[in-house]
Every structure is written in structure tokens, then in C-alpha cells.
Colleague: 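I am attaching a structure below and will ask some questions about it afterwards.
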Amino acid sequence: MNKLKKTIEEKGVFINEDVLKVDSFLNHQIDVDLVEEMGQQFYEHFKDAGITKVVTIESSGIAPAYACARRLGTNMIFIKKSMPSTMIDPLYTSVYSFTKQKEYPICIEKGMLAPDDRVLFIDDFLANGEAFKGAEQLIGQTGAQIAGIGICIEKRFQKGHDYIIKAGYDLYSLASIASTDHKKIKWA
Ligand code: 5GP
């Protein structure tokens, strides 16, 4: 069992059958050693994929995306959840938030990615895949190609996993939860 799975078992708290709270090591406080190890695992999986940029959505994907990007020797871009006045040529779409149960806008400066970029998308959680679909839409508008998807914690019993696999992407999840029965995790 990898360190992330162990940490989830020791410190993760199920708010209900679907929502796992990981504030003590990933979503609020960041366990820096754990995040470095996660970055290393993503790096080992994607090192030969010709990645030129790592992309995430703010904010909890930033730390693992950064840890991976520095190993790949690429820059990292975080898609923003609000549009700053400094953006000159924004691309935007909206995403339905699984945890907040409402739509929110996401945006990226168009020039951040070019058609010859090969993107590794990294995020903290994969649930129904809405955040990924939003990122997919924005990245698609730049002409860049998604060459891989790295997820820290995947809940395989929700819709995102199947969407990504059916679309033919290389999906690599560090901790994949097959099911939760009375808040007890069964690993995929
Ligand atoms: P999706 O868009 O795939 O439905 O959900 C992914 C996003 O929702 C993640 O970026 C994460 O912010 C949030 N999320 C989804 N499931 C969980 C969960 O069980 N716990 C926490 N803390 N966040 C989640």
C-alpha cells in the first residue's frame, strides 16, 4: 500500500458515503513529504509521455502538480476559479462543483498553452469528472493535447473514471477507492 492510501486510512474522514475530507494532509494543511512522494509517482508514470506543461485547477491540485512538474522539468499552470482583471485574452467555461453543489466559472489565459503543448492534467480528486471536463474544454480551445491525467484520490464508484477511460486517456490514480461501505474503504 502506498503512503497516500495509508494516510487516507489513518487521517481521512468520510463526511458521508461520497465525500472524503482530507484537510489534514491535502486540502487545507499540506503534508509536504507526502506531496513530494506523490509528485515522484506521477513523474515515474508520465516521464516518457513527452509532457511539456502540467495543468491543474486551483487550489488543491497545485501542490501535487508542482511536485510533479519540477521533476518533469516543465512549468505548471493552474486554471483559475475567478477571472482577474489582469487577464488579457481569457478562455472560460463553467463547472459543476461536486462538493459545493453549484456551478462556478473557470478560466485560463489563452496564450498559456500552445497547439504543440502536451498537457498532463493533475487534480486532487476525481469524482464525477466535471472539473476534468471543464479543463478538457479549456485546454481543447488552446489546441493543446491532453497526454495524461494524474489523480491523487479517485472515487471509482462515481462517473469520472469511466468517462476518462472511455475517452481513451492515460489515467493514473494514486489511490483509487472502489467503494465505501459504512465509510470503510475498499481499494480498487
Ligand atoms: P468532479 O468534478 O470530478 O466531480 O470532482 C472533482 C473536484 O471536486 C475535485 O477537484 C475536488 O475539489 C472536489 N471533490 C470531489 N470529491 C471530493 C471528495 O470526496 N472530497 C473532497 N475534499 N473534495 C472532493
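When a ligand or atom number is given, it counts from 1 through the structure's own listing order.
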Colleague: Does the N or O separation between Tyr96 and ligand 1 drop below 3.5 Å for any pair?
Modeller: no
Colleague: Heavy atoms only: which of Gly160, Cys152, Gly129 is nearest to atom 1 (P) of ligand 1?
Modeller: Gly129
Colleague: Under 4.0 Å from a heavy atom of Asp123: which atoms of ligand 1 are those, numbered in the order shown and with their elements?
Modeller: 10 (O)
Colleague: Is there a nitrogen or oxygen of Ala131 sitting under 3.5 Å from a nitrogen or oxygen of ligand 1?
Modeller: yes
Colleague: Evaluate the side-chain proximity of Val55 to Leu120: yes if any heavy-atom separation is below 4.5 Å, no if none is.
Modeller: no
Colleague: Under 3.5 Å between any N/O of Phe132 and any N/O of ligand 1: does that happen in this structure?
Modeller: no
Colleague: Identify the protein heavy atom lying closest to atom 5 (O) of ligand 1, giving its residue, its atom name and the separation to 0.1 Å.
Modeller: Ala127 CB, 3.6 Å
Colleague: Does Ala144 offer a backbone N or O that forms a donor-acceptor pair with the side chain of Thr142 under 3.5 Å?
Modeller: yes
Colleague: Check each heavy atom of Thr99 against ligand 1 and say whether those closer than 4.0 Å belong to the side chain, the backbone, both or neither.
Modeller: side chain
Colleague: Do the non-hydrogen side-chain atoms of His161 and Leu171 ever get within less than 4.5 Å of each other?
Modeller: yes
Colleague: I'd like to know if the side chain of Glu154 and the backbone of Leu174 have a donor-acceptor N/O pair within less than 3.5 Å.
Modeller: no
Colleague: Identify the closest protein heavy atom to atom 4 (O) of ligand 1: which residue and atom is it, and at what distance?
Modeller: Asn128 N, 2.8 Å
Colleague: Under 4.0 Å from a heavy atom of Asp18: which atoms of ligand 1 are those, numbered in the order shown and with their elements?
Modeller: 19 (O)
Colleague: Can you list the residues that meet the ring pair (Phe, Tyr, Trp, His ring centres under 6.0 Å) rule with Tyr172, with sequence neighbours excluded?
Modeller: His45
Colleague: Touching ligand 1 at all, Val22? Heavy atoms, strictly under 4.0 Å?
Modeller: no
Colleague: Identify the closest protein heavy atom to atom 15 (C) of ligand 1: which residue and atom is it, and at what distance?
Modeller: Phe98 CD2, 3.5 Å
Colleague: Looking at Asn128 and Lys159, would you say the former's side chain and the latter's main chain have a donor-acceptor pair under 3.5 Å?
Modeller: yes
Colleague: Taking the ring centre of each residue, are Phe132 and Tyr169 less than 6.0 Å apart?
Modeller: yes
Colleague: Donor-acceptor pair, Lys155 side chain versus Asp18 backbone, under 3.5 Å?
Modeller: yes
Colleague: Identify, for atom 6 (C) of ligand 1, the protein heavy atom at the shortest distance, and state residue, atom and that distance.
Modeller: Phe125 O, 3.6 Å
Colleague: For atom 9 (C) of ligand 1, which protein heavy atom lies nearest, and how many Å away is it?
Modeller: Asp124 OD1, 3.4 Å
Colleague: Is there a side-chain contact between Gln40 and Arg71 (heavy atoms, below 4.5 Å)?
Modeller: yes
Colleague: Counting only heavy atoms, which portion of Lys155 has something under 4.0 Å from ligand 1: side chain, backbone, both, or neither?
Modeller: side chain
Colleague: Which of the numbered atoms in ligand 1 are below 4.0 angstrom from a heavy atom of Glu130?
Modeller: 1 (P), 2 (O), 3 (O), 4 (O)
Colleague: Can you tell me the protein heavy atom closest to atom 20 (N) of ligand 1 and the distance?
Modeller: Leu20 O, 2.7 Å
Colleague: Pair Gln29, Ser24 - check side chain to side chain donor-acceptor pair (under 3.5 Å), show working.
Modeller: CA-CA 5 Å; Gln29 173 170 240; Ser24 64; 5.6 Å; no
Colleague: With respect to atom 22 (N) of ligand 1, which of Asn27, Asp23, Ile164 exhibits the smallest heavy-atom separation?
Modeller: Asn27
Colleague: So, using ring pair (Phe, Tyr, Trp, His ring centres under 6.0 Å) as the criterion, who are the partners of Phe157 when residues are at least two apart?
Modeller: none
